[in-house]
Amino acid sequence: MAEDNSPYKAVATKCRRSRTKFTEEQLKILINAFNKKPYPGYAAKQRLALEVNTEESRIQIWFQNRRARHRFLKRPEKNLDLRQDRVYPEENIQGMRDRRCRTSYTSSQLQTLMNAFMENPYPGIDSREQLAEDIGVPESRVQIWFQNRRSRLRIQKKREPEEASAQRQNQGQDL
DNA sequence: GGACTAACGTAATCACAGC
DNA sequence: GCTGTGATTACGTTAGTCC
């Protein structure tokens, strides 16, 4: 955390979703499901959400954190290459293929999102929920949209100087 | 205060529609 | 095929809660 413009600092001043407190019964169901299948598909996550009476996005976060903890506990001390975990067993890949249907936004929904993004690229939970209500999509989709938008903007900004210098080189060749 | 863990960030990648 | 973009992942950080 050396840089002042750290996103985490920005987040600290904004409103996070209040922390979910799972009951013992809910945890029993989640752990049981995790032990059977650490990479549930969208349908399985929805079923679990219904069963433990929470949102599907909370189930997704819970599985993400659970897998991270699992990897950490399983990690051999000398093995620092955690990326090898990206090689998934076949049954896990099947779960990953069962994705949520792609959300398609209308131009007016996109306009609303873009306006909000220009005003604040890191909206807190309150703003995200308000936006979600305004455009009629779940808050979790708004969160993903902002993540993707920030990511693509960073990539675009990184590319701009490279493209400009390539253009200058081309112009030099043309002369 | 430290441990645990939900929430949330980035980066990389997959998946698929539209051209 | 390529591009744009929504969805999902690993991994890292922040912060609330409990002891």
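Remember, predicted model here, so these are calculated numbers, not experimental data. First the proteins, then the strands, lettered A, B, ... as listed; each starts at 1.
- OP1 or OP2 of B:dA11 sits under 4.0 Å from a side-chain N or O of A:R154.
- Atom pair A:Q60:CD and B:dA7:C1' shows a separation of 13 Å (rounding to whole Å applied).
- Within residues 24-33 of chain A, no residue has any heavy atom closer than 4.0 Å to DNA chain C.
- Listed candidates were C:dA10, B:dG9, C:dG6. Nearest to the side chain of A:Y122 is B:dG9.
- Note: OH (A:Y42) to P (C:dG6) measures 16 Å, nearest angstrom.
- Within the 4.0 Å cut-off from OP1 or OP2 of B:dC8, at least one side-chain nitrogen or oxygen of A:R128 is found.
- Distance, A:R16 CZ to C:dG16 P: 8 Å, rounded to whole Å.
- Of the candidates C:dT9, B:dT13, C:dG4, the closest approach to any side-chain atom of A:R102 belongs to C:dG4.
- Residue A:R67 is in sugar-phosphate contact alone, with no base atom involved, counting any heavy-atom pair closer than 4.0 Å across all strands shown.
- For A:R19, the side-chain contact (heavy atoms from CB on, under 4.5 Å) criterion is met by no residue, not counting sequence neighbours.
- The distance from atom NZ of A:K37 to atom P of C:dT8 is 14 Å, rounded to the nearest whole Å.
- An OP1 or OP2 oxygen of B:dA6 is reached within less than 4.0 angstrom by no side-chain nitrogen or oxygen of A:R58.
- Not counting sequence neighbours, the partners of A:N115 by the side-chain contact (heavy atoms from CB on, under 4.5 Å) test are A:Q111, A:M118.
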Pair up each side-chain donor or acceptor in residues 124-138 of chain A with any protein partner under 3.5 Å, not counting sequence neighbours, and list the distances.
{"residue": "A:R128", "atom": "NE", "partner": "A:E139", "partner atom": "OE2", "Å": "2.5"}
{"residue": "A:R128", "atom": "NH1", "partner": "A:P123", "partner atom": "O", "Å": "3.1"}
{"residue": "A:R128", "atom": "NH2", "partner": "A:E139", "partner atom": "OE2", "Å": "3.1"}
{"residue": "A:Q130", "atom": "NE2", "partner": "A:D134", "partner atom": "OD1", "Å": "3.0"}

Could you go through residues 55-69 of chain A and list every donor-acceptor pair under 3.5 Å that involves a side-chain atom there, pairing it with any protein atom two or more places apart or in another chain?
{"residue": "A:E56", "atom": "OE1", "partner": "A:R100", "partner atom": "NH2", "Å": "2.6"}
{"residue": "A:N65", "atom": "ND2", "partner": "A:I61", "partner atom": "O", "Å": "3.4"}
{"residue": "A:R67", "atom": "NH1", "partner": "A:P38", "partner atom": "O", "Å": "2.8"}

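- When rounded to the nearest whole Å, the span between CG of A:D98 and C1' of B:dC14 equals 14 Å.
- The list of salt bridge (charged side-chain N to carboxylate O under 4.0 Å, His left out) pairs with a residue in residues 142-155 of chain A, not counting sequence neighbours, is empty.
- Through ILVMFWY side-chain contacts below 4.5 Å, A:I144 is grouped with nothing and stands alone.
- Counting non-hydrogen atoms under 4.0 angstrom, A:S18 reaches the backbone sugars and phosphates but no base.
- Qualifying side-chain contact (heavy atoms from CB on, under 4.5 Å) partners for A:S104, counting only residues two or more places apart in sequence or in other chains: none.
- Within the model, atoms CZ of A:R141 and CG of A:N148 stand 9.5 Å from one another, a figure rounded to the nearest 0.5 Å.
- Pairs engaging residues 24-35 of chain A under the side-chain hydrogen bond (donor to acceptor under 3.5 Å, both in side chains) rule: A:T23-A:Q26 [sequence neighbours left out].
- For A:R17 against C:dG16, no side-chain N or O and base N or O form a donor-acceptor pair under 3.5 Å.
- Residue A:S151 is classed as having no contact, given no heavy-atom separation below 4.0 Å to the nucleic acid.
- Residue A:R99 places its side chain closer to C:dA7 than to any other of C:dG12, C:dA15, C:dA7.
- Listed nucleotides B:dA6, C:dT9, C:dG6 differ in distance to A:W62; the shortest reach to its side chain belongs to B:dA6.
- Near-neighbour residues of DNA chain C inside residues 130-149 of chain A, defined by a heavy atom below 4.0 Å, number-ordered: A:R141, A:I144, A:W145, A:N148.
- Computed from coordinates, the A:N65 CG to C:dG12 P distance equals 13 Å when rounded to whole Å.
- If you find the closest nucleotide of DNA chain B to A:R152 and to A:F22, the one lying nearer the 5' end belongs to A:F22.
- Closest to the side chain of A:I61, from the set B:dC8, C:dT8, C:dG6, is B:dC8.
- Side-chain atoms of A:T54 do not come within 3.5 Å of backbone N or O of A:L50 as any donor-acceptor pair.
- One interatomic measurement links the two molecules: OH of A:Y105 to C1' of B:dG18, which rounds to 18 Å at whole-angstrom precision.
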So which protein N/O to nucleotides 17-19 of chain C N/O distances come out below 3.5 Å?
none

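- When every heavy atom of A:Y42 is checked against every heavy atom of A:R99, the shortest pair comes out as CB-C, 3.7 Å.
- Put simply, A:Y39 and A:F34 are part of two different groups of oily side chains (I, L, V, M, F, W, Y) that touch within less than 4.5 Å, one to the next.
- Summarising the geometry, the separation between CZ on A:R69 and C1' on C:dA10 is reported as 15 Å, rounded to the nearest angstrom.
- For A:R47, the side-chain contact (heavy atoms from CB on, under 4.5 Å) partners are A:A43, A:A44, not counting sequence neighbours.
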